[in-house]
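Encoded as structure tokens, the structure appears first; notes follow it.
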There are 2 protein chains.
Amino acid sequence: MIYNRIKLLRTEKGLSRKELADAVGVNFQTIGYLERGDYNPSLELAFKLAEFFDVPITAAFSPRPFKSLAEHLAAE
Amino acid sequence: MIYNRIKLLRTEKGLSRKELADAVGVNFQTIGYLERGDYNPSLELAFKLAEFFDVPITAAFSPRPFKSLAEHLAAE
DNA sequence: TAAAAATGTTGTATATATACAACAAAATGA
DNA sequence: TCATTTTGTTGTATATATACAACATTTTTA
């Protein structure tokens, strides 16, 4: 299982699933599946998403759960 | 399409496909498919491979062709 | 509050990733 | 050189990722 921060990154940018989907060239429902954790993106889609948000791939995807934003901020 | 350096990383370590496959928990033929570029690994397998070789995922996989080892060394 | 947009759910269809088997060819090592 | 190991090839089977459609529910906005 792979954890991701797609929803967080997307909503922070004020984008709808459709807009994000168009930007990376997939169906808008595919974004929904990823956000809900129904399945993992392909490596190719993972790269496109990371590139779109301009973050390292490990910042968007991880085999281990991400710290919450709160934990992350507290740790500084 | 995603480029990878699996073969390079594996042979540098003196490992057979079978050994690498066992280490990351897939069939040895799957490693062959990846090395030949028949298909991309899942995101999960990509993470396992990068972790196994102890390199960032972008050092093992890239949406753009890697510089050859020679080019890479020359650039320093 | 009514209309529109976004999201969730269910279902079907297709493409791709992975497993596994059998066998041929090539490389390695005794 | 012979035996063993590794790699390549072909084929079949299964699981997962993605597309697409229809419709219900929730959220946003006029």
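You'll find the side chain of A/Phe61 stays beyond 4.5 Å of the side chain of A/Asn40, heavy atoms only.
Rounded to an integer number of Å, the gap from B/Glu19 CD to D/dT6 P is 6 Å. Distance B/Asn27 CG to C/dA22 C1': 13 Å, rounded to the nearest Å. B/Ile2 places its CD1 atom 14 Å from the P atom of C/dT16, with the value rounded to the nearest Å. In this structure, B/Phe28 atom CZ and D/dT6 atom C1' are separated by 9 Å, rounded to whole Å. Atom NZ of B/Lys18 is separated from atom P of C/dC20 by 11 Å (rounded to the nearest Å). Remark: C1' of D/dT6 and CD of B/Gln29 are 12 Å apart, rounded to the nearest angstrom. In this structure, B/Asp22 places its CG atom 11 Å from P of D/dT6, rounding to the nearest Å. The distance between atom CG of B/Leu45 and atom C1' of D/dA15, rounded to the nearest whole Å, is 14 Å.
Residue A/Asn40 places at least one side-chain N or O under 4.0 Å from the OP1 or OP2 atom of D/dA17. OP1 or OP2 of D/dT18 lies within a sub-4.0 Å distance of a side-chain N or O belonging to A/Ser42.
No donor-acceptor contact under 3.5 Å links the side chain of B/Tyr33 to the base of D/dT7.
Comparing B/Asp38 and A/Leu34 by the nucleotide of DNA chain D that holds the closest heavy atom to each, the one mapping nearer the 5' end is B/Asp38. Mapping A/Tyr39 and B/Arg10 onto DNA chain D by nearest heavy atom places B/Arg10 at the nucleotide closer to the 5' end.
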Check step by step if salt bridge (Lys or Arg N to Asp or Glu O under 4.0 Å) holds for B/Arg10 and B/Glu35. CA-CA 10 Å; B/Arg10 174 178 65 81; B/Glu35 290 187 352; 2.6 Å; yes
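In terms of modelled atom types and a separation under 3.5 Å, the side chain of B/Ser62 and the main chain of B/Pro65 share no donor-acceptor contact.
Cation-pi contact between A/Lys48 and A/Phe53: absent, since separation from the ring centre below 6.0 Å together with deviation from the ring axis within 45° is not met.
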